[in-house]
Amino acid sequence: MNRKGIMFIISAPSGAGKTTLCYKLVEICSKLCISVSYTTRKPRQGEIDGVHYHFVNDDTFNNMILADEFLEWAKVHDHLYGTSKKKTDEILTQGLDILLNIDVQGSRLLRANIPDSVLIFILPPSMEILEKRLKGRMSDSEETILKRIKKAKNEIMEYKHYDYVIVNNILEEALIQLKSVVIAERLKVSRTEHIWIKENFL
Ligand code: ADP
Ligand code: 5GP
């Protein structure tokens with residue numbers, strides 16, 4: 001079948017586990033690629049340029065905005081983050097599905113522009129566990145962690161605009177749920193190649 005890829009958009013308050021889930025999901029789902037965003041944030045320990053993000057400075061990011069190179073971009077937690085139009089398009093036109101780990105502002109924008117995108121919201125089991133995970137990650141200062149926790153409530157309020165909600169309590173369970181969403185979305189009649197069915201069976 002000659003299909004165009006599906007855009008899966010994942011959002012969650014910082015620390016809920018979406019990055020962990022995204023990397024595990026692409027390991028167990030074929031034909032699914034992670035979108036590598038551009039950001040002006042500094043790399044955390046262990047993060048690799050071109051793998052986790054394309055790390056750029058403000059000037060480069062602003063020039064990319066002017067050149068209309070972003071499908072969407074947003075300021076999140078004091079830094080700029082954006083999704084490349086060209087790279088997303090290359091993946092989707094190859095018939096591969098793409099997984100975007102983006103914030104609630106970016107998700108809204110993409111849903112408006114790409115109505116058949118699939119929006120998934122990840123929740124932590126509780127606010128206490130969210131805080132524990134942020135602290136346990138040991139990658140952000142106390143001030144940054146406090147900012148992220150403060151913002152979590154506003155982000156969680158957006159869950160109603162999503163198609164699916166997954167609680168990331170036991171990682172393996174959340175992962176199975178996420179994979180189930182991908183499989184179910186791929187099987188939707190609305191995404192079927194009707195021409196292929198007609199030519200082969202009718
Ligand atoms: P996000 O991308 O949403 O900010 P991360 O994927 O970086 O979150 O996860 C935050 C921290 O929580 C990491 O240290 C990660 O290993 C841990 N974590 C993620 N999911 C779980 C889970 N289900 N149970 C326990 N710890 C988890
Ligand atoms: P972090 O700094 O923890 O990696 O990411 C902070 C937030 O930025 C997360 O909510 C993440 O989903 C979001 N984010 C990452 N890349 C993009 C992007 O390309 N666009 C938007 N709008 N948000 C992004």
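Order of appearance sets the numbers: ligands from 1, and atoms from 1 within every ligand. Everything quoted here is computed from the prediction, not taken from an experiment.
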Please confirm whether E72 comes under 4.0 Å of ligand 2, counting heavy atoms of the residue only. yes

Salt-bridged, D140 to R44, with N to O below 4.0 Å? yes

Could you tell me whether E47 and R41 make a salt bridge, using a distance below 4.0 angstrom between a side-chain N and a carboxylate O? yes

Close-contact set for ligand 2 against G82 heavy atoms, below 4.0 Å: 18 (C), 19 (O)

Just distances here: any N/O of V76 and N/O of ligand 2 closer than 3.5 Å? no

Atoms of ligand 1 close to L171 [distance to a heavy atom under 4.0 angstrom, numbered from 1]: 20 (N), 23 (N)

Counting heavy atoms only, name the option from R148, R108, H54, E155 that's nearest to atom 3 (O) of ligand 2. R148

Contact region, R44 to ligand 2, non-hydrogen atoms below 4.0 Å, reads side chain

Mind checking whether K188 and E185 have side chains closer than 4.5 Å, heavy atoms only? yes

With a cut-off of 6.0 Å (strictly less than), are more than 12 heavy atoms of other residues, nucleotides or ligands near OH of Y164? yes

For atom 26 (N) of ligand 1, which protein heavy atom lies nearest, and how many Å away is it? R133 NE, 3.5 Å

As a test of understanding, state which of K18, E155, R148 forms a side chain to side chain contact (heavy atoms under 4.5 Å, CB included) with P13. E155

Measuring from non-hydrogen atoms of Y53 to any atom of ligand 2, is the shortest distance under 4.0 Å? yes

Nearest non-hydrogen protein atom, atom 6 (C) of ligand 2: Y81 OH, 3.5 Å

Starting at CG of L99, measure out to CD1 of I34 and round the result to the nearest 0.5 Å. 5.5 Å

Quick check on contacts: which atoms of ligand 1 are under 4.0 angstrom from a heavy atom of S14? 4 (O)

At under 4.0 Å between heavy atoms, what of D103 touches ligand 2? The answer is both

Relative to ligand 2, is K18 under 4.0 angstrom through side chain, backbone, both or neither, heavy atoms considered? side chain

Measuring from F70:CZ to E72:CD, what's the distance to the nearest 0.5 Å? 9.0 Å

Below 4.0 Å from any atom of ligand 1, is there a heavy atom belonging to A16? yes

Just to confirm my output: which protein heavy-atom neighbour is closest to atom 7 (O) of ligand 1, and how far is it? R137 NH1, 2.8 Å

Applying a heavy-atom cut-off of 4.0 Å, say which part of I122 lies close to ligand 1: side chain, backbone, both or neither. neither

Within 4.0 Å of some non-hydrogen atom of N169, the atoms of ligand 1 are 22 (C), 23 (N), 24 (N)

Checking a contact table here: which protein heavy atom is nearest atom 16 (N) of ligand 2, and how many Å away? S37 OG, 3.1 Å

Enter the distance from L146:CG to S141:OG here, rounded to the nearest 0.5 Å. 8.5 Å

Applying a strict 4.0 Å limit to heavy atoms, is A12 in contact with ligand 1? no

Distance (rounded to the nearest 0.5 Å) between Y81 OH and D103 CG: 9.0 Å

Would you tell me which option among N101, I9, T39 has the nearest heavy-atom contact to atom 11 (C) of ligand 2? N101

Got the closest protein heavy atom to atom 10 (C) of ligand 1, with its distance? G15 O, 3.6 Å

Are F61 and L100 connected in the hydrophobic side-chain network, where two residues link if heavy atoms are under 4.5 Å apart? no

Lys/Arg N to Asp/Glu carboxylate O, K86 vs E90, below 4.0 Å: yes

So which protein heavy atom does atom 2 (O) of ligand 1 come closest to, and at what separation? T19 OG1, 2.3 Å

Just heavy atoms, cut-off under 4.0 Å: does R41 contact ligand 2 by side chain, backbone, both, or neither? side chain

Quick test: of every protein heavy atom, which one is nearest to atom 15 (C) of ligand 1, and how far off is it to 0.1 Å? T20 OG1, 3.7 Å

From CA spacing to verdict: side-chain contact (heavy atoms from CB on, under 4.5 Å), F8, S117: CA-CA 6 Å; F8 291 96; S117 52; over 6 Å; no

Heavy-atom count around L66 CG within 6.0 Å, excluding the residue itself: above 12? yes

For atom 20 (N) of ligand 1, which of the options L175, I170, N168 provides the nearest non-hydrogen atom? N168

Within-cut-off N or O pair, G17 and ligand 1, under 3.5 Å: yes

Within a distance under 4.0 Å of any heavy atom of T83, pick out the atoms of ligand 2 and give their elements. 18 (C), 19 (O)

If we ignore angles and hydrogens, is there a donor and acceptor under 3.5 Å between the side chains of Y38 and S84? no

The atoms of ligand 2 lying under 4.0 Å from a heavy atom of A74, numbered in the order shown, are 22 (N)

Between R108, K153, R111, K151, which is the residue that forms a salt bridge (Lys or Arg N to Asp or Glu O under 4.0 Å) with E158? R108

